Amino acid sequence: MAMNLYKKIKLNFYDCVQNLSRLLDDLAYGRLLLCTQILIMTLAAFRRGWIYDELECLRSGWFVAQGMIPYVDFFQHHHPFLYYLLAPFGFFFSADQYLFWGRGISLGFCFLSLLYTYKLGLLVYDQLTAFLTVSFFLCWKMFAESGFEVRPDTPQIALATAGTYYFFLFIKQRNQKKLLISAFCYSLSFLFLQKSFMFPFFALLMLGYEWYYKQEKLSAILLWAVGYALPICLYWIFLIFQGHFWQYFVCNYLFNAEMAKSFTFARFMKMLVNEVFLPNAALWAFFFIGYSRSVTIPIRLLISILITGIISMKIDGAHYWIVALPYFSLIGIQGMRFIFDHKTGYLILFLTFLSSVSFKHWVGNVSFGNYEQRVLLKHFRSLCSESEYCFGDDLVCNLRKGPGYFWHGDFWGDQKTYGRFLNNHNQKTIDILKNMPVFVQVGKIETSDEVDSYLKKHYKQFFFPGILIRKDCADGL
């Protein structure tokens, strides 16, 4: 009898050890996959070249470092907080170092997005599944292409994900400090990029639901509203006292409204199919399977609002979907768990296979590097001092001054709508050329007989296609 009891205890002990060992192995494999993804992404971030939007963003930060004012001295149609954040680095570091600092700051925000995606996973799942949620997030092609780019979207996504985490924490713990932190995170997210307008709808609707059905105090709604509005109102008051609010409003809202008219629904749907759905077909399949399972009301509401908001903007950029990917990943990993029937080893193996899309993209960036681009940018800067300026885009005018409104004229629409704003910035091409910019990008200017004659007299073809250089600067080239 005693011997049988001993054998039974011994057998149960061995079973427990085996199960624990299997759990540790799965956890170790999950961590290894995630660490590998993050390592390759980090290497790619510092080796990949900078796309046009990044150069525009970095140049805006450099403008602020030179004492220039957004919307007044140069054009931008995004909120300026990233440019203020970049400015000290543009002031204290060389141009080449500044480019890398910009990428490093964006990578930091990228890590913040991953951290809060993991924290969201811990609210719903165990530690291993939370790690796998982050790995699922890193598999999306949109994130692999744009997740660490120097653009306002990167801090916007990080702060919005943090805001969602603290909001869900409030729902779980009923801690009003967490609610206030959520409001501040959402507000700062909006001040980095106005496309965060969707999250207040979610928070207020969810708080209204909690108040109506669960007897949450009305003071919670008021607390969140005040916490969200305070940073934005303080910034607006600052702009009003500076006399720049109208310029800010035109650039961030009226201009973007005009620009949105240029995007057709057919063009948007083509992007949606070719860049968002097809490259991520397996991930979407797991998402829809997970969504068909048990999903909480807050997650359903948030995903519905985000999808509606992104589609309503109708902009043909796949990176606009990244803001929703943490929540898609939370649901997608649930779909994977259902399909693999909690066989975690097979799930991790298949997730590694799905990672091949992002691995292929990142490894390509690591292999080819950004050396040639940096040499080209340095050559442009060497021919144009900081006291002179260029007439072209942010590749030609890399960290150099230039007329900041010329290429946006097509979107302004009815001039009466924008009144004194256009009176201050609607310069004619020939007037800009008479200031003798070092470079002129032919495709970015309005041509006329007067302009053509002036260019022929004072400029010659540069080795870079479509670029003219002032003749006195071309000596010796």
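Numbers for residues simply follow the sequence, beginning at 1. No hydrogens, no waters, no symmetry mates; every other heavy atom, side chains included, goes into these values. Because the structure is predicted, anything quoted here is derived from the model rather than measured.
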With no hydrogens and no angle check, just 3.5 Å: does a side-chain donor-acceptor pair link Tyr327 and Thr164?
yes
Within the distance-only criterion (no hydrogens, no angle test), does the side chain of Glu54 pair as donor or acceptor with the backbone N or O of Ile51 below 3.5 angstrom?
yes
Between Glu275 and Leu272 (side chain of the first, backbone of the second, donor and acceptor by atom type, cut-off under 3.5 Å), is there such a pair?
no
With sequence neighbours left out, write down each residue that passes ring-ring contact (aromatic ring centres under 6.0 Å, His included) with Phe46, or none if nothing qualifies.
none
Is there a donor-acceptor pair under 3.5 Å between the side chain of Asn370 and the backbone N or O of Arg48?
yes
Chi angles and distances behind the side-chain hydrogen bond (donor to acceptor under 3.5 Å, both in side chains) call for Tyr186, Trp224
CA-CA 10 Å; Tyr186 280 149; Trp224 189 92; over 6 Å; no
Arg103 to Tyr98, cation-pi by 6.0 Å centre distance and 45° axis angle
no
Spacing of His78 atom NE2 and Asp53 atom CG [to the nearest 0.5 Å]
7.0 Å
Leu180 and Lys177: side chain to side chain contact (heavy atoms under 4.5 Å, CB included), yes or no, with the steps?
CA-CA 5 Å; Leu180 194 58; Lys177 286 183 181 178; 5.7 Å; no
Quick one: CG on Leu86 to OH on Tyr83, what's the gap to the nearest 0.5 Å?
9.0 Å
Is it true that, when you exclude Trp321 itself, more than 12 heavy atoms of the residues, nucleotides or ligands shown sit nearer than 6.0 Å to its CH2?
yes
Could you grab the distance from atom CG of Leu122 to atom OH of Tyr116, nearest 0.5 Å is fine?
12.5 Å
Of the non-hydrogen atoms in Pro70 and Val64, which two are nearest, and what is the gap between them?
CG-CG2, 4.1 Å
Specify the closest pair of heavy atoms between Pro279 and Lys141, including all atoms of both residues, with the distance to one decimal.
CB-CD, 3.3 Å
Using the rule given for side-chain hydrogen bond (donor to acceptor under 3.5 Å, both in side chains), can you reason through Glu149 versus Ser106, listing the C-alpha separation, both sets of side-chain angles and the distance that settles it, and then say yes or no?
CA-CA 6 Å; Glu149 288 177 349; Ser106 286; over 6 Å; no
Interatomic distance, Ile331 atom CD1 to Leu283 atom CG [nearest 0.5 angstrom]
14.0 Å
Does the side chain of Phe74 come within less than 4.5 Å of Gln76's, by heavy atoms?
yes
May I ask you to check whether Phe462 and Phe380 place their ring centres under 6.0 Å from each other?
yes
Can you tell me how far CD1 of Ile297 sits from CG of Leu302, rounded to the nearest 0.5 angstrom?
13.5 Å
Within a strict 4.5 Å, meaning less than it, do heavy atoms of the Thr161 and Val323 side chains meet?
no
Examine distances only and state if a side-chain atom of Ser189 and a backbone atom of Cys185 form a donor-acceptor pair shorter than 3.5 Å.
no
Can you name the nearest heavy-atom pair linking Ser187 to Gly227, along with the distance?
CB-O, 4.4 Å
Asp153 bridged to Lys195 by N-O distance under 4.0 Å:
no
Do we get Arg293 above Phe338's six-membered ring, with its NZ or CZ under 6.0 Å from the centre and within 45° of the axis?
yes
Arg400 side chain to Arg381 main-chain N or O, any donor-acceptor pair under 3.5 Å?
yes
Do the side chains of Met206 and Ile171 get nearer than 4.5 Å, heavy atoms only?
yes
Chi angles and distances behind the side-chain hydrogen bond (donor to acceptor under 3.5 Å, both in side chains) call for Gln194, Gln156
CA-CA 9 Å; Gln194 58 271 38; Gln156 172 228 353; over 6 Å; no
Using modelled atom types only, decide if a donor and an acceptor are shared between the side chain of Ser182 and the backbone of Lys178 within a distance under 3.5 Å.
no
Return yes if some donor-acceptor pair links the side-chain N/O of Ser146 with the main-chain N/O of Phe143 below 3.5 Å, else return no.
no
When you look at Phe170 and Leu207, which way does the side chain to side chain contact (heavy atoms under 4.5 Å, CB included) test go after all the steps?
CA-CA 10 Å; Phe170 160 75; Leu207 287 171; 3.7 Å; yes
Just how far is it from atom CG of Asn398 to atom CG of Leu99, taken to the nearest 0.5 Å?
6.0 Å
Ring centres under 6.0 angstrom apart (His379, Phe463):
yes
Answer whether the closest heavy-atom distance between the side chains of Ile305 and Thr308 falls below 4.5 Å.
no
Tyr71 vs Asn252, test: side-chain hydrogen bond (donor to acceptor under 3.5 Å, both in side chains). Steps then yes/no.
CA-CA 9 Å; Tyr71 322 122; Asn252 281 278; 3.2 Å; yes
Pairing residues for Phe100 by the ring-ring contact (aromatic ring centres under 6.0 Å, His included) criterion, not counting sequence neighbours
Trp50
For His79, which of Tyr84, Phe249, Trp236, Phe190 qualifies under ring pair (Phe, Tyr, Trp, His ring centres under 6.0 Å)?
Phe190
For the backbone of Arg374 and the side chain of Asp96, can you confirm whether one donor and one acceptor N or O come within less than 3.5 Å of each other?
no
Going through the distances and angles, do Tyr346 and Phe340 end up as a ring pair (Phe, Tyr, Trp, His ring centres under 6.0 Å)?
CA-CA 7 Å; Tyr346 294 111; Phe340 288 96; 7.3 Å; no
Smallest separation among heavy atoms of Ile348 and Gly30, with atom names:
CD1-N, 3.9 Å
Ile157 and Leu325, any side-chain heavy atoms less than 4.5 Å apart:
no
In the structure I gave you, are the side-chain heavy atoms of Leu193 and Leu82 within less than 4.5 Å of one another anywhere?
no
Smallest separation among heavy atoms of Gln334 and Gly290, with atom names
NE2-O, 3.5 Å
Where the side chain of Thr129 meets the backbone of Tyr125, is there a donor-acceptor pair that is under 3.5 Å apart?
no
What are the two closest non-hydrogen atoms of Phe199 and Leu306, and how far apart are they?
CZ-CD2, 3.8 Å
Applying ring pair (Phe, Tyr, Trp, His ring centres under 6.0 Å) between Phe286 and each of Trp140, Phe328, Phe350, Tyr291, report the one that passes.
Phe350
Is the gap between the ring centers of Phe464 and Phe439 under 6.0 Å?
no
For atom CZ of Phe111, is the number of surrounding heavy atoms from other residues, nucleotides or ligands below 6.0 Å larger than 12?
yes
Heavy-atom side-chain proximity of Ile38 to Leu138 below 4.5 angstrom
yes
Test item: Ile333 and Met336 side chains (from C-beta on) under 4.5 Å apart, heavy atoms
yes
Under 3.5 Å, is there a donor-acceptor pair between the side chain of Ser135 and the main chain of Leu132?
no
Would you say Phe91 has more than 12 foreign heavy atoms packed within less than 6.0 Å of its CZ?
no
Would you call the rings of Trp284 and Phe277 parallel, tilted or perpendicular, where under 30° means parallel and over 60° means perpendicular?
tilted
Can you check side chain to side chain contact (heavy atoms under 4.5 Å, CB included) on His319 and Arg151, steps first, answer last?
CA-CA 11 Å; His319 65 275; Arg151 54 165 86 235; 3.2 Å; yes
